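These notes are about the structure you will find just below.
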Amino acid sequence: MKQIEDKHGTDTVEEISSHISENDLLPMLMNGVSDFIFFMEVAGRRRFTYRYMNESAINNLLGREADWKGKYIEDLLDDAASSSLIDAYEEVVLTKRPVTYEDEMMVNGQVYRGHSVLTPTMDEAGRVTHILAVTRNLTKMLEKEEALESMNAVYKSLMANTTDAVVILDADGKVFDVNEAFTDLYGFSKDDMPGCMYPFVPEEFTDEARGLVQRALEGAGTSGYVTKRKSRDGQLLDVSISVSRIQNEEGETIGVSSIIRNVTEQKREERKRESSRSRYRSLFKHNPQAILTLTFRGTITNANPASLEMLDKEGNELLHTSIMQLVSKEQERVVRKEIAGSFFDHGGRFRTMVDVGGNEKILYVSLVPIIIQGRKEGIYAILDDITEKERAYEGMRQSQESFRLIANYSNDLISVFNPNGNLVYASPSQREFFGEDPLNWSVEKVMEKVEPGDLRRLQDRFMKSHQSREGFTITIKLTSFNGEPVWFECRATPVIDDDHAVSHMVMVARDISEQKSYEEKLERFAYYDYLTGLPNRLLFEENVWKAVEKGHRTGQAFAILYLDGDGFKAINDQYGHDMGDEFLREVGKRLRSCIRGGDSVARIGGDEFSILIEELKDRRLIRDVSTRMLRELREPYYVKGVEIRTSFSIGVACFPEDGETHDALFRAADIALYEGKRNGKNQVLLYEDQ
């Protein structure tokens with residue numbers, strides 16, 4: 001008290017003391033607190049003067065040399081800020097009750113989000129003569145809440161929109177949540193698995209499934225693990241599973257997520273192809289005729305024993321070399337033409353001379369396309385040794401050109417471009433992705449597969465890479481054969497020749513669609529409550545904003561119902577927070593069943609809910625609707641076998657009679673709710689009733 005007297009005079013302290021006891025005054029006016037504290041005098045209608053500020057308010061808002069004592073609010077704040085603040089103070093004078101509000105202000109160049117409580121003090125006649133204001137910094141707390149709401153929305157969006165099946169397990173390995181794609185795949189919903197660990201896992205794979213979960217809980221995730229699972233009707237499915245742990249902000253493992261992709265059809269096709277390949281391999285291996293298999297670029301992918309014997313080779317010595325290494329350089333163009341023609345025609349043939357162990361052999365080579373399920377997959381090169389019939393050519397030189405740089409079996413899209421930007425090689429994976437071989441496309445068609453913005457960035461990076469001779473990485477979106485956009489991370493590496501010039505550019509594109517999909521779906525988490533699945537405060541307020549705009553435009557009336565539980569704390573105290581959470585979910589379900597299709601219900605926080613009743617044709621009906629809803633909420637709840645009885649209080653505000661703005665309607669509904677709870681709870685009170 002002495003500090004206040006020294007700095008502001010005894011009159012002020014005595015004046016405050018006459019309205020607030022010393023026991024309350026001392027903690028409220030401590031200059032060491034970070035909250036902003038103001039003591040205001042009611043000087044008249046909508047006129048309020050500053051009688052006291054604590055040091056935190058002075059230092060952060062005004063500066064120590066500022067002249068504030070005895071000033072009016074409008075003397076220190078601009079018109080917009082002072083008007084809303086005076087409204088709040090005037091509400092305290094009129095209602096003679098504390099008023100709470102939240103606002104934002106700029107403090108030293110940073111946004112300060114505050115929670116303010118205005119408390120009236122009254123004289124013996126019951127008039128409000130002074131108001132004590134305490135403003136608390138909510139900035140960090142609100143930022144954390146927004147981040148949490150955002151993550152919850154991301155989770156809900158991902159579960160609702162991903163096409164892959166997703167199952168979430170808790171730290172004990174039990175099913176916590178599944179998405180709709182999971183139910184579509186297996187036929188099991190979350191409710192089907194309350195006491196059963198994994199009904200979708202065949203009995204012989206139970207230990208395997210538990211092992212995958214345990215490894216994930218220990219931090220060793222699994223990606224693309226192919227195994228068997230079963231649907232509800234007992235059908236066995238081939239699936240590819242990725243399992244990873246889920247951690248909270250403290251780094252604690254709280255569960256496991258598993259993404260499941262149905263690969264039954266792919267596996268069936270693989271087994272068919274493997275069966276077909278087995279038959280062909282047997283015929284290929286035991287055929288007395290020398291046979292090679294080639295890609296349409298001339299790379300040798302297999303050689304039967306007869307061809308190894310003819311060419312004096314062993315084991316895998318021929319694999320991944322080019323057939324061009326077996327022909328003379330003069331014949332390369334002819335051979336390339338025949339190989340290329342085999343893709344479009346029924347085959348080709350050429351004659352060549354080869355060096356086998358220092359001896360020249362003349363071979364007659366027949367090219368026959370390999371056709372699997374109507375699709376050309378490569379070429380059979382049938383070698384016929386005609387050395388004894390004619391020896392017309394000598395001095396064969398082997399070409400050193402090789403395609404070892406490119407892994408033809410990679411799932412990534414691998415491309416090679418010449419310095420002019422023309423595509424000169426495309427990996428087989430591109431045929432699967434685009435539905436055809438990009439090598440047959442024009443430059444214009446290649447460019448059409450890239451988004452215009454990505455194409456400009458790609459061309460710019462290519463140009464800079466040619467100049468700097470350094471590689472680069474870029475993310476672009478390509479369109480697959482079925483029209484689906486797919487995100488790729490592309491890594492380009494320039495190939496430098498002996499003259500230190502860029503002779504080619506090799507680009508490897510990796511599918512990052514799942515990562516991109518996750519990032520895009522994070523945005524949706526900001527609008528839904530993680531516990532009940534209902535819209536949260538942010539989405540509900542946006543809906544009210546839209547309803548207000550529509551109401552001003554069309555004259556359509558609507559109502560806001562603000563609900564607050566009368567005994568939720570007792571439920572938590574008696575049964576624990578898990579039961580409390582389950583109870584709130586049941587309340588959410590019951591509220592959803594009470595509203596029409598065009599109306600909306602949201603969880604605001606704790607046991608507070610709000611309902612927007614749109615297209616209110618007769619305001620008199622809202623009382624009946626609210627009363628029926630209250631009766632429905634009073635019906636007993638059965639949570640995990642326990643009967644719970646409780647009640648709610650409902651405050652109602654109608655547009656436009658109770659308010660024509662978003663803030664006015666919320667304030668009116670809140671006042672009605674407060675009055676209802678003050679008058680005995682478990683009742684509906686319209687704003688017009690008070």
Side-chain angles (χ1 to χ4, degrees), residues 4 7-20 24-25 27-31 33-123 125-139 142 659-664 666-668 670-671:
I4 299 175
K7 293 184 178 180
H8 305 292
T10 57
D11 291 341
T12 300
V13 175
E14 290 174 356
E15 184 177 4
I16 297 173
S17 299
S18 67
H19 299 280
I20 305 174
D24 292 332
L25 178 64
M28 284 194 292
L29 300 184
M30 285 178 62
N31 283 324
V33 300
S34 59
D35 294 345
F36 299 166
I37 300 175
F38 310 88
F39 191 69
M40 311 294 295
E41 181 178 357
V42 180
R45 184 178 181 277
R46 297 182 63 82
R47 300 285 281 175
F48 306 92
T49 59
Y50 291 91
R51 301 300 299 163
Y52 176 75
M53 286 189 200
N54 71 341
E55 290 187 0
S56 180
I58 295 172
N59 294 337
N60 287 285
L61 297 179
L62 302 176
R64 297 204 57 83
E65 303 303 323
D67 181 16
W68 56 268
K69 190 172 182 182
K71 298 288 187 180
Y72 293 101
I73 292 176
E74 55 268 32
D75 294 336
L76 301 184
L77 302 177
D78 58 35
D79 292 343
S82 62
S83 178
S84 61
L85 189 57
I86 290 171
D87 287 343
Y89 275 87
E90 186 66 15
E91 184 177 348
V92 175
V93 173
L94 296 176
T95 64
K96 300 180 182 180
R97 292 196 302 269
V99 169
T100 301
Y101 67 92
E102 294 180 0
D103 61 356
E104 292 185 359
M105 66 183 76
M106 296 297 295
V107 178
N108 297 328
Q110 295 183 339
V111 175
Y112 178 96
R113 302 170 74 174
H115 174 86
S116 299
V117 178
L118 308 182
T119 304
T121 63
M122 293 175 280
D123 59 14
R127 293 174 301 180
V128 177
T129 60
H130 295 79
I131 297 174
L132 178 69
V134 180
T135 300
R136 176 159 297 172
N137 187 354
L138 298 180
T139 305
L142 291 176
E660 296 187 3
T661 68
H662 166 276
D663 292 336
F666 273 98
R667 188 182 304 114
D670 187 58
I671 291 172

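As the structure is a computational prediction, the values presented were derived from the model and not from experiment.
- Under the 4.5 Å side-chain criterion, counting only non-hydrogen atoms from C-beta, T129 is not in contact with V42.
- Between F36 and F38, the two ring planes are perpendicular [angle over 60°; tilted spans 30° to 60°].
- Between M40 and Y50, the closest heavy-atom pair is SD-CD2, 3.3 Å.
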Give the intermediate values and the outcome of side chain to side chain contact (heavy atoms under 4.5 Å, CB included) for residues L118 and Y101.
CA-CA 9 Å; L118 308 182; Y101 67 92; 3.8 Å; yes
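- Scanning both residues, L76 and M53, for their nearest heavy atoms gives CD1-CE, 4.0 Å.
- Taking the side chain as every heavy atom from C-beta outward, F48 and E90 approach each other to under 4.5 Å.
- Dense packing is recorded around CZ of R46, with more than 12 heavy atoms of other residues, nucleotides or ligands lying under 6.0 Å away.
- The residues R667 and D663 are annotated as not salt-bridged, no charged nitrogen and carboxylate oxygen being separated by less than 4.0 angstrom.
- For the atom pair T49 OG1 and H130 NE2, the distance stands at 7.5 Å (nearest 0.5 Å).
- For D78, the CG atom counts as densely surrounded, since its 6.0 Å shell holds more than 12 non-hydrogen atoms of other residues, nucleotides or ligands.
- Contact of the L132 side chain with the I37 side chain is registered, since non-hydrogen atoms from C-beta on lie closer than 4.5 Å.
- Between M122 and R127 there is no side-chain heavy-atom pair separated by less than 4.5 Å.
- Ionic pairing of E74 and R47 is present here: one or more N-O contacts between side-chain nitrogen and carboxylate oxygen are shorter than 4.0 angstrom.
- Pairing each heavy atom of S116 with each of T135, the nearest pair is OG-OG1, 2.8 Å.
- Here the closest heavy-atom approach between residue G659 and residue A664 is recorded as CA-CB, 4.0 Å.
- Contact annotation: the side chain of L85 approaches that of Y89 to within less than 4.5 Å [non-hydrogen atoms, C-beta and beyond].
- The shortest distance between side-chain heavy atoms of V93 and I131 falls below 4.5 Å.
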